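Worksheet for the structure shown next.
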Amino acid sequence: MKQYLDLCHRIINEGEWVSNERTGKRCLTVINADLTYDVSKGEFPLVTTRKSYWKSAIAEIIGYLRGYDSAADFRALGTKTWDANANENAVWLNNPYRKGEDDMGLCYGAIGRNFPKPDGGHIDLLKQIIDDLSRGVDNRGEILTFYHPGAFHMACLRPCMYSHHFSLLGDTLYLNSTQRSCDVPLGLNFNMVQVYVLLAIVAQITGKKPGKAFHKIVNAHIYEDQLELMRDVQLKREPYPLPTLKINPEIKSLKDIETWVTMDDFEVEGYQFHEPIAYPFSV
Ligand SMILES: Nc1nc(=O)c2c([nH]1)NC[C@@H]1CN(c3ccc(C(=O)N[C@@H](CCC(=O)O)C(=O)O)cc3)CN21
Ligand SMILES: O=c1ccn([C@H]2C[C@H](O)[C@@H](COP(=O)(O)O)O2)c(=O)[nH]1
């Protein structure tokens with residue numbers, strides 16, 4: 001929580017204003033932030049200075065792992081966070097590749113679970129990684145990437161957290177996740193939870209001990225219409241101690257994640273939080 005608050009303060013104290021063409025808004029911006037979550041110690045990085053909708057965040061990452069490309073599938077799993085990008089952005093609504101209501105196009109898991117090969121066919125990057133790690137193999141390239149510049153024109157948005165690189169030291173699993181663009185009041189709240197859960201759940205299904213997750217953010221920003229709420233409300237609050245996350249131990253394979261897992265398989269214990277804050281969202 002301290003790392004999150006430090007980054008918010010840093011953006012407010014040292015950030016520069018950058019105008020963004022896609023949203024038509026200005027963002028107070030810093031370049032480069034490195035956050036670390038010690039999953040071995042159960043340091044679940046949930047924001048406490050406002051109510052955080054952690055189930056929604058976990059539903060997003062499970063949806064990416066399943067390769068979902070429809071906001072309707074994300075809703076069924078428990079999050080409405082893709083509705084606006086799939087259905088309210090004028091540029092995407094007019095894109096000939098959009099397949100209709102709720103379609104998000106070729107992004108996130110739709111790429112990572114089905115990565116197109118230049119010589120034909122596709123690769124399921126996640127399945128390869130899970131198979132390797134389960135056998136105790138780290139080939140120094142266990143990278144789940146959602147980044148395919150050749151598909152950007154066929155998606156509602158480019159992936160923000162676009163790369164997850166897993167590593168083994170003995171039987172301890174590490175994760176380095178990279179994010180190119182970060183909406184700190186809204187997105188980061190979710191992304192911290194997702195990096196933690198991704199390491200915890202992949203360690204669980206591959207039979208490894210979770211170690212640390214390293215979360216690299218390149219462009220970290222606060223939109224102009226979020227600044228006052230962050231500076232004058234959220235940052236005036238004292239954080240509470242961190243809660244802990246429990247994952248159903250019956251989740252034992254990628255197939256389990258793909259077939260029966262729901263948000264009821266995740267529990268947060270001891271979550272104390274301040275009043276919700278409704279930050280404006282830029283589509
Ligand atoms: N501008 C922007 N910021 C983002 O963080 C973001 C995007 N766009 N587009 C793609 C995804 C969708 N994500 C989202 C979208 C909405 C919320 C959001 O509205 N959160 C509210 C309510 C959440 C709920 O009720 O489930 C929040 O208070 O956290 C969060 C993340 C993260 N991403
Ligand atoms: O997981 C996510 C997804 C998206 N975001 C934010 C970061 C930006 O504010 C927008 C994406 O806009 P771009 O113009 O494509 O950079 O969404 C996030 O923080 N986390």
Side-chain angles (χ1 to χ4, degrees), residues 4 7-8 11 15 18-31 33 35 46-65 68-71 73-89 91-92 102 104-105 107-110 112 146-147 149 151-153 155-164 177-198 215-227 229-230 233-234 263 266 273-283:
Y4 180 78
L7 176 58
C8 296
I11 297 174
V18 177
S19 36
N20 176 255
E21 205 179 334
R22 194 182 65 77
T23 56
K25 291 185 190 169
R26 289 185 319 146
C27 293
L28 202 52
T29 305
V30 298
I31 300 300
L35 311 182
L46 195 61
V47 166
T48 62
T49 49
R50 74 177 179 101
K51 183 177 184 190
S52 182
Y53 301 90
W54 57 270
K55 281 203 180 196
S56 193
I58 297 178
E60 268 195 1
I61 188 77
I62 297 293
Y64 300 154
L65 298 183
Y68 282 176
D69 65 357
S70 161
D73 289 336
F74 280 89
R75 279 198 302 280
L77 200 53
T79 185
K80 296 186 180 138
T81 46
W82 279 94
D83 290 7
N85 288 107
N87 297 320
E88 287 169 28
N89 180 286
V91 173
W92 177 238
D102 288 321
M104 297 158 56
C107 55
Y108 287 94
F146 300 137
Y147 214 68
F152 289 166
H153 65 292
C156 67
L157 204 67
R158 294 165 297 165
C160 289
M161 241 180 6
Y162 65 87
S163 170
H164 301 284
S177 296
T178 309
Q179 181 162 5
R180 65 169 177 83
S181 171
C182 181
D183 173 345
V184 171
L186 278 177
L188 186 51
N189 203 23
F190 278 29
N191 297 137
M192 295 192 297
V193 167
Q194 291 164 350
V195 171
Y196 182 100
V197 167
L198 184 59
H215 183 180
K216 155 88 68 194
I217 298 164
V218 178
N219 182 307
H221 49 264
I222 298 177
Y223 285 92
E224 56 189 325
D225 51 6
Q226 300 171 325
L227 182 60
L229 280 172
M230 177 56 81
V233 182
Q234 191 169 358
M263 292 317 106
F266 301 87
F273 51 84
H274 288 267
E275 288 285 288
I277 299 176
Y279 280 105
F281 176 77
S282 300
V283 186

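In this text, all values refer to a predicted model and were calculated from it rather than measured experimentally. Ligands are counted one by one from 1 in listed order, and the atoms in each one are counted from 1 as well.
With a heavy-atom cut-off of 4.0 Å, Val283 does not touch ligand 1 at all.
Residue, atom and distance of the protein heavy atom nearest to atom 23 (C) of ligand 1 are Tyr53 CD1, 3.8 Å. In this structure, atom 2 (C) of ligand 1 lies nearest to the protein heavy atom Phe281 CE1, 3.3 Å. The protein heavy-atom contact nearest to atom 1 (N) of ligand 1 is Ser282 O, 2.9 Å. Looking from atom 6 (C) of ligand 2 to the surrounding protein, the closest heavy atom is Asp183 CB, 3.7 Å. Annotation: atom 11 (C) of ligand 1 to nearest protein heavy atom, Trp82 CZ2, 3.8 Å. Nearest to atom 26 (O) of ligand 1 among the protein's heavy atoms is Ser56 OG, 3.0 Å. Of the protein's heavy atoms, Ser181 OG, 3.4 Å lies nearest to atom 7 (C) of ligand 2. For atom 28 (O) of ligand 1, the closest non-hydrogen atom on the protein side is Arg50 NH1, 2.8 Å. The single protein non-hydrogen atom nearest to atom 5 (N) of ligand 2 is Cys160 SG, 3.5 Å, given as residue, atom name and distance. Looking from atom 17 (C) of ligand 1 to the surrounding protein, the closest heavy atom is Thr81 CG2, 3.6 Å. Considering only non-hydrogen protein atoms, atom 3 (N) of ligand 1 sits nearest to Asp183 OD2, 2.8 Å.
Closest heavy-atom approach to atom 5 (O) of ligand 1 within the set Gly187, Cys27, Cys182, Ala57: this belongs to Gly187. Of the candidates Lys51, Arg22, Glu60, it is Glu60 that places a heavy atom closest to atom 32 (C) of ligand 1. In this comparison of Asn191, Leu186, Asn85, the heavy atom closest to atom 20 (N) of ligand 1 sits on Leu186.
Residue Gln179 has at least one heavy-atom neighbour below 4.0 Å for each of these atoms of ligand 2: 18 (C), 19 (O), 20 (N). Ligand 2 places these atoms under 4.0 Å from at least one heavy atom of Tyr223: 8 (C), 9 (O), 10 (C). Proximity to Asn191 (heavy-atom distance under 4.0 Å) selects the following atoms of ligand 2: 1 (O), 2 (C), 18 (C), 19 (O), 20 (N). Of all atoms in ligand 1, numbered sequentially from 1 with element shown, those under 4.0 Å from a heavy atom of Leu157 are 9 (N), 10 (C).
Look at Tyr64 and you'll find every heavy atom at least 4.0 Å from all atoms of ligand 2. Note on ligand 2: Met161 sits outside its first shell, no heavy atom being nearer than 4.0 Å.
Side-chain N or O atoms of Arg50 include one that pairs as donor or acceptor with a backbone N or O of Pro185 at under 3.5 Å. Distance alone, capped at 3.5 Å, is enough to place a donor-acceptor pair between the Gln194 side chain and the Ala57 backbone. Side chain of Arg158 to backbone of Arg180: no donor-acceptor contact under 3.5 angstrom is found.
Any N or O atom pair closer than 3.5 Å counts here, and Arg180 shares at least one such pair with ligand 2. When only interatomic distances are considered, the shortest N/O to N/O separation between His221 and ligand 2 falls below 3.5 Å. The shortest N or O to N or O distance between Arg22 and ligand 2 is below 3.5 Å.
Paired with Glu60 under the rule side-chain hydrogen bond (donor to acceptor under 3.5 Å, both in side chains), one option of Thr81, Asn191, Thr79 passes, and it is Thr81.
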Without placing hydrogens or testing angles, list every side-chain donor-acceptor pair under 3.5 Å for residues 273-283, not counting sequence neighbours.
{"from": "His274", "atom 1": "NE2", "to": "Glu238", "atom 2": "O", "distance (Å)": "2.7"}
{"from": "Tyr279", "atom 1": "OH", "to": "Gln234", "atom 2": "OE1", "distance (Å)": "2.5"}
{"from": "Ser282", "atom 1": "OG", "to": "Lys25", "atom 2": "NZ", "distance (Å)": "2.8"}

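The side-chain heavy atoms of Leu188 and Val47, taken from C-beta on, include no pair separated by under 4.5 Å. In this structure, the side chains of Leu7 and Ile11 come closer than 4.5 Å at one or more pairs of heavy atoms. With contacts defined as side-chain heavy-atom distances shorter than 4.5 Å, the pair Val184/Ile217 does not qualify. Between Val18 and His221 the shortest side-chain heavy-atom distance does not fall below 4.5 Å. When side chains are defined from C-beta on, Val193 does not count as touching Phe266, because their heavy atoms never get closer than 4.5 Å. Side-chain atoms of Gln179 and Val195, non-hydrogen and from C-beta on, never get closer than 4.5 Å to each other. In this structure the side chain of Cys107 never reaches within 4.5 angstrom of the side chain of Leu157, judged on heavy atoms. Looking at heavy atoms from C-beta onward, Met104 lies in side-chain contact with Phe74 at the 4.5 angstrom threshold.
Aromatic rings from Tyr108 and Trp82 are positioned such that their centres are separated by under 6.0 Å.
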